[in-house]
Protein chains: 2
Amino acid sequence: MDEQRSRAAEVPAGRVRPVTGAVTLKQVAAEAEVSLATASRVLHRSGGREVRGALAERVQAAAERLGYVSNPHAQALARARSSTVGLIVHDVTDPYFAAIATGAMHAAHADGVMVMMAATFRDPELEIDYLGRLRAQGARGALLAGSGSTDPAVSGRLADAITAFTREGGRVTAIGARPDAHIDAVVPDNTDGARQARAHLEALGHRRIGVVSGPGTLLTVRQRLEGLGDGLRTVEADFTREGGYEAAAKLLAAHPDGGLTALIALNDLMAAGALAAARDAGRRVPEDLSVVGFDDLPFAADLSPALTTVRLPLRQMGERAMALLLTGSDGASPAAGPSAASAAEPGAAASRRTVDFPVELVVRASTAEAAGARTT
Amino acid sequence: MDEQRSRAAEVPAGRVRPVTGAVTLKQVAAEAEVSLATASRVLHRSGGREVRGALAERVQAAAERLGYVSNPHAQALARARSSTVGLIVHDVTDPYFAAIATGAMHAAHADGVMVMMAATFRDPELEIDYLGRLRAQGARGALLAGSGSTDPAVSGRLADAITAFTREGGRVTAIGARPDAHIDAVVPDNTDGARQARAHLEALGHRRIGVVSGPGTLLTVRQRLEGLGDGLRTVEADFTREGGYEAAAKLLAAHPDGGLTALIALNDLMAAGALAAARDAGRRVPEDLSVVGFDDLPFAADLSPALTTVRLPLRQMGERAMALLLTGSDGASPAAGPSAASAAEPGAAASRRTVDFPVELVVRASTAEAAGARTT
DNA sequence: TACTCGCTGGAAAGCGCTTTCCAAATTTCC
DNA sequence: GGAAATTTGGAAAGCGCTTTCCAGCGAGTA
């Protein structure tokens with residue numbers, strides 16, 4: 001019943017390749033009349049050893065002729081490491097993550113690596129679960145976009161998952177400020193961005209400024225607040241559009257009339273909400289109230305008025321993070337020319353690398369001179 | 001440095017598992033004192049044969065105790081089929097695809113399947129390339145979101161790639177109308193949506209309506225145009241915001257004053273552009289000009305005025321498409337209750353299944369009664 | 001010329017899991 | 001009660017590739 005052993009036979013015509021497809025390395029080796037080992041060495045220059053000219057070319061040609069494509073699973077199994085990387089985001093729908101993902105995929109593609117993307121829908125358990133799966137399949141690494149939970153219980157287990165993964169050779173790098181993780185990270189200069197936002201408003205004569213903040217537990221938020229400095233009226237929201245609306249409405253109600261001449265929202269989603277709140281409260285933007293956002297998501301320019309906001313080079317950050325993950329060593333400086341700060345503690349097995357990206361304020365129509373500032 | 005490892009302390013001490021990680025089936029089998037085969041049969045009820053109570057429990061327990069996680073690569077290799085599916089989109093950044101991706105990932109997760117997401121950046125070559133890779137790694141299937149190229153040369157090769165993939169057992173399903181492919185598809189009722197849009201405008205008294213169309217080669221566009229019917233002034237654009245702006249500007253310039261009282265853009269991105277163009281042309285929306293979009297992307301409600309648009313259940317479509325891909329057979333009716341039309345040609349090896357999703361017009365602030373319609 | 005190296009190509013042992021084939025253990029039927 | 005039919009667990013042969021060892025060989029050294 002089992003006599004498909006015709007392999008060895010150099011069947012002249014009608015050589016039917018098994019329906020189930022793919023050309024294997026073995027076939028290539030046979031075609032090139034070399035051993036399996038040699039074919040492997042030629043086609044996947046990973047074993048440290050090269051094969052010289054003549055033979056190599058024969059193999060290449062054979063592979064070409066047969067249309068050989070290596071089987072990633074077999075490779076992963078034999079090497080105990082696959083060539084996929086995971087990209088874990090909160091929500092694919094959020095333009096913030098979409099921009100990062102685009103950059104990451106771009107970089108991954110350049111390296112012939114496939115990206116497994118997973119959305120956690122903000123469920124930290126899922127984040128841990130995915131990390132486990134990536135580990136189980138020997139993924140090359142994982143990109144963690146978005147701040148992790150700071151819930152002590154969960155963050156401990158997350159840290160365990162990361163540790164387990166890295167101990168087995170996986171690389172984990174974060175995009176955005178992560179509370180405590182001892183992993184590589186690519187972060188925007190939140191503090192400076194916030195500083196620029198405030199400076200911009202103050203230059204326009206604004207003195208009474210309200211802040212629609214994000215979850216106080218997030219390191220990202222802390223950094224932005226730090227950059228903002230003191231003396232502002234802050235209300236905490238949850239980084240969503242609705243949250244931004246409510247917080248802004250509250251702020252405006254608490255400071256009627258000219259009590260507040262400007263609002264800074266710690267992300268664009270909330271800024272959009274704030275804009276709506278201002279409209280509903282009868283404040284004209286920017287005449288009565290200036291509004292500044294954070295992130296510069298694509299839709300920011302389409303809001304009305306177009307939003308003045310702090311631009312984060314999200315796409316580049318995604319690219320860089322992936323490059324960091326894949327190359328292991330740091331490549332050239334990215335386009336934006338961030339300053340790379342390596343904290344190379346001698347004691348640590350692997351030093352943690354952090355790449356800072358500069359940010360820039362984009363001034364659009366939502367900010368203008370403060371009403372009473374003409375006198376300055 | 002990090003010692004939140006308290007949980008793991010219940011280990012009897014001593015027994016050091018190999019650093020390189022993963023528990024293998026073999027270990028589980030040993031622990032349960034059964035053969036490898038039995039362990040496999042218990043843990044992965046795929047072989048058609050079950051194992052009865054006592055033994056089965058012993059294996060389960062052992063697996064539990066050891067924290068066994070099966071190695072997807074080994075499994076894929078042995079089964080000649082992996083448990084990942086590919087999701088190929090044009091652009092992760094486009095909210096349209098993001099919504100679809102969210103749905104697809106949700107459904108995939110429910111099935112324990114991982115999603116490899118790839119963005120083609122609108123390069124059909126990349127689409128073909130990815131399909132090849134998915135094939136090479138025995139992916140369970142691929143979801144193609146967005147219309148394929150209609151360039152004959154490329155589309156032929158794409159069709160070949162699809163055929164090659166399906167011949168090896170991969171399932172390919174499309175989301176959105178695809179020109180010619182003989183594959184399963186999940187499509188929105190474009191025609192009806194367009195009809196609703198026009199009916200809405202006509203009910204408001206609009207008679208002179210302009211259309212900002214998308215690339216005429218796309219089947220999706222053809223369907224929408226068909227639903228719109230005749231007697232409209234149409235200008236073709238490229239589905240981008242900028243294209244929409246230009247097309248709308250042109251349309252408005254060609255029909256000054258009340259020459260046109262309404263505009264229908266064939267997607268929301270272009271509608272956003274049209275809104276901007278109207279503003280720049282000094283037309284008030286909706287007083288002087290009503291504008292209708294298509295898709296109902298998240299930002300539609302945030303435009304000003306909020307956009308009246310045809311809502312596509314993108315997320316559900318993504319979910320359904322993934323379900324179709326994974327289950328092979330059709331599950332229950334989706335939430336939205338689309339009418340499933342199976343074309344079960346007796347002669348075909350596999351019949352092509354198409355799931356239609358109904359769409360609905362969402363009326364917001366960008367449409368109002370036509371200026372001169374009061375007389376009706 | 002004899003002998004040790006440094007290279008290069010091939011044989012073969014896995015990587016972790018699935019699945020076919022077998023044989024032993026039951027069960028069923030006359 | 002014995003033979004045939006049916007289960008059920010295990011041994012083992014791969015899946016396609018990597019990589020360690022080994023043997024063969026021309027080159028360098030004494």
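Just so it is clear: chains get the letters A, B, ... in the order the sequence lines come, proteins before strands, and each one is counted from 1.
- The distance between atom CD of Glu33(B) and atom C1' of dG9(D), rounded to the nearest whole Å, is 15 Å.
- With hydrogens and angles disregarded, no donor-acceptor distance shorter than 3.5 Å links the side chain of Arg171(B) to the backbone of Ala142(B).
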Residues Val42(B), Val34(B); criterion side chain to side chain contact (heavy atoms under 4.5 Å, CB included); working and verdict: CA-CA 11 Å; Val42(B) 172; Val34(B) 299; over 6 Å; no
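- Using a 4.0 Å cut-off, some side-chain N or O of Thr38(A) falls inside it from OP1 or OP2 of dG10(C).
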For nucleotides 13-17 of chain C, which of its nitrogen or oxygen atoms have a protein nitrogen or oxygen under 3.5 Å away, and what is each distance?
residue : atom : partner  : partner atom : Å
dC15(C) : O2   : Ala78(A) : N            : 3.3
dG16(C) : N2   : Ala74(B) : O            : 3.4
dC17(C) : OP1  : Tyr68(B) : OH           : 2.5
dC17(C) : OP1  : Asn71(B) : N            : 3.4
dC17(C) : OP2  : Leu25(B) : N            : 2.4

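- Put simply, the side chain of Ser40(A) never gets that close to the backbone of Leu36(A): no donor and acceptor are under 3.5 Å apart.
- Residues passing the side-chain hydrogen bond (donor to acceptor under 3.5 Å, both in side chains) test with Ser83(A), sequence neighbours excluded: none.
- Looking at residues two or more places apart in sequence or on another chain, you find no side-chain hydrogen bond (donor to acceptor under 3.5 Å, both in side chains) involving His109(B).
- Under a 3.5 Å cut-off, the side chain of Asp184(B) and the backbone N or O of Arg353(B) do form a donor-acceptor pair.
- Scanning for salt bridge (charged side-chain N to carboxylate O under 4.0 Å, His left out) contacts around Arg133(A) gives Asp129(A), with sequence neighbours left out.
- Every residue meeting the side-chain hydrogen bond (donor to acceptor under 3.5 Å, both in side chains) condition with Thr84(A), not counting sequence neighbours, appears here in chain and number order: Ser82(A).
- Axis angle across the helix from dT1(C)-dA30(D) to dC30(C)-dG1(D), with five pairs used at each end and values rounded to 10°: 40°.
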